[in-house]
Amino acid sequence: MSTTVFRHDWAKVEQGPDWEPRREPRARSGERRKPIRDEDRMFVPPGWPESVLPACEPDWEQSAAAFLLDCCPHEYRGYPLLRRQPVVLARLAAQYVESQVRATREGLMQARAGLQEYVDTPVLDGTVELLQTEEARLVRLRRAVMLVEETLRGKIFVSRL
């Protein structure tokens with residue numbers, strides 16, 4: 001005895017008596033079901049660090065680990081675990097860069113009030129400008145670390161029109 005199963009309303013499949021429908025896991029929000037084309041795999045999102053190879057290249061994780069170690073305190077280079085586990089390194093780098101962003105913003109908020117009595121106005125203006133430049137650099141770095149971390153966790157970036 002055979003069973004007729006309709007798939008996508010366009011094909012009939014004749015199956016045996018012990019046939020059970022194959023259940024595919026549902027896609028989570030934001031996941032793609034279609035295979036990704038090679039030209040989409042080559043997409044590098046804006047803010048991707050220049051020193052890190054694209055994720056489709058062989059050994060890209062080594063360049064990512066080197067970049068992430070540059071974002072962390074130099075003592076982190078002494079821990080072999082961080083070289084073996086780039087996802088852990090990425091998480092620690094993200095936390096470290098985020099703390100630098102917060103510290104720079106706090107320094108920027110307190111610079112005029114804390115230094116006004118001790119330095120001349122041109123020095124104070126230079127300090128504020130320096131902190132603003134550093135904040136902008138750290139925000140770009142935070143985005144780069146976030147992109148590398150997401151890629152290490154399996155996210156694939158696809159170009160959009």
Side-chain angles (χ1 to χ4, degrees), residues 22-161:
R22 186 177 75 182
R23 296 183 188 258
E24 295 182 27
R26 292 180 58 181
R28 287 184 266 161
S29 175
E31 285 187 348
R32 296 174 51 102
R33 285 193 163 253
K34 295 180 183 178
I36 297 173
R37 302 173 304 192
D38 286 340
E39 54 268 17
D40 289 336
R41 288 186 190 279
M42 301 296 273
F43 178 71
V44 177
W48 186 263
E50 292 179 12
S51 62
V52 178
L53 296 171
C56 60
E57 297 290 326
D59 298 330
W60 82 273
E61 287 184 359
Q62 291 176 348
S63 65
F67 165 74
L68 293 169
L69 283 169
D70 288 343
C71 298
C72 295
H74 69 275
E75 292 87 5
Y76 281 27
R77 293 180 184 276
Y79 297 106
L81 171 78
L82 296 178
R83 290 190 186 272
R84 289 192 312 268
Q85 300 294 329
V87 174
V88 174
L89 175 60
R91 181 79 310 253
L92 295 178
Q95 291 171 344
Y96 185 73
V97 171
E98 182 60 35
S99 70
Q100 288 179 311
V101 170
R102 281 195 308 268
T104 302
R105 287 181 177 164
E106 186 176 320
L108 188 56
M109 289 186 293
Q110 297 174 0
R112 290 201 185 275
L115 296 173
Q116 189 172 16
E117 297 176 11
Y118 303 103
V119 296
D120 296 333
T121 303
V123 174
L124 189 57
D125 291 342
T127 303
V128 169
E129 185 179 328
L130 175 140
L131 288 170
Q132 288 172 337
T133 303
E134 183 64 9
E135 179 190 18
R137 183 190 73 80
L138 288 170
V139 168
R140 287 190 305 272
L141 181 62
R142 179 176 60 187
R143 171 156 172 80
V145 169
M146 184 255 325
L147 291 171
V148 171
E149 181 180 17
E150 287 182 349
T151 305
L152 285 168
R153 291 176 182 244
K155 183 171 183 177
I156 298 173
F157 296 97
V158 180
S159 63
R160 296 191 179 179
L161 296 177

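As a basis for the values below, the full set of heavy atoms in this structure was taken, side chains included, without hydrogen atoms, waters or symmetry mates.
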Donor-acceptor pair, Trp60 side chain versus Ala64 backbone, under 3.5 Å?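 No.
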
Donor-acceptor check, side chain of Ser51 to backbone of Phe67, threshold 3.5 angstrom: yes or no? no

Step by step, would you call Leu108 with Glu134 a side-chain contact (heavy atoms from CB on, under 4.5 Å)? CA-CA 10 Å; Leu108 188 56; Glu134 183 64 9; over 6 Å; no

Set of salt bridge (Lys or Arg N to Asp or Glu O under 4.0 Å) partners for Arg112, sequence neighbours left out: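 With sequence neighbours excluded, Arg112 shows a salt bridge (Lys or Arg N to Asp or Glu O under 4.0 Å) to Asp125, given in chain and number order.
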
Output all residues satisfying salt bridge (Lys or Arg N to Asp or Glu O under 4.0 Å) with Arg105, sequence neighbours left out; order by chain, then residue number.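 If we apply the salt bridge (Lys or Arg N to Asp or Glu O under 4.0 Å) test to Arg105, skipping adjacent residues, the hits are Glu135.
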
Euclidean distance, [Y] [atom2] relative to [X] [atom1], rounded to 0.5 Å:
X: Leu68; Y: Glu149; atom1: CG; atom2: CD; value: 8.5 Å
X: Met146; Y: Glu98; atom1: CE; atom2: CD; value: 11.5 Å
X: Gln85; Y: Leu152; atom1: CD; atom2: CG; value: 11.0 Å
X: Leu89; Y: Arg91; atom1: CG; atom2: CZ; value: 11.5 Å
X: Arg102; Y: Leu138; atom1: CZ; atom2: CG; value: 12.0 Å

Salt-bridge contact Glu150-Arg153 (side-chain N to carboxylate O under 4.0 Å):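 Result for this pair is no, no salt bridge flagged.
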
Looking at every heavy atom in both [X] and [Y], which two are closest together, and how far apart are they?
X: Gln116; Y: Leu124; answer: CA-CD2, 4.2 Å
X: Arg143; Y: Gly47; answer: NE-CA, 4.2 Å
X: Cys72; Y: Leu92; answer: SG-C, 4.5 Å
X: Leu147; Y: Thr151; answer: O-OG1, 2.8 Å
X: Leu53; Y: Asp59; answer: CD1-O, 4.2 Å
X: Val148; Y: Pro49; answer: CG2-CG, 3.7 Å

Please lay out, stage by stage, how Val128 and Gln132 fare under the test side-chain contact (heavy atoms from CB on, under 4.5 Å). CA-CA 6 Å; Val128 169; Gln132 288 172 337; 3.9 Å; yes

Surrounding CD of Glu75 (heavy atoms of other residues, nucleotides or ligands, distance under 6.0 Å), is the total greater than 12? yes

Please indicate whether Tyr76 has more than 12 foreign heavy atoms, meaning atoms of other residues, nucleotides or ligands, lying under 6.0 Å from its OH. yes

Is any side-chain heavy atom of Leu115 closer than 4.5 Å to one of Thr127? yes

So do the side chains of Pro73 and Tyr96 get within less than 4.5 Å of each other, counting heavy atoms only?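 Touching, per the 4.5 Å side-chain cut-off.
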
Which residues share a side chain to side chain donor-acceptor pair (under 3.5 Å) with Arg77, sequence neighbours left out: Asp70

side-chain contact (heavy atoms from CB on, under 4.5 Å) between Val158 and Phe43, intermediate numbers included: CA-CA 6 Å; Val158 180; Phe43 178 71; 5.7 Å; no

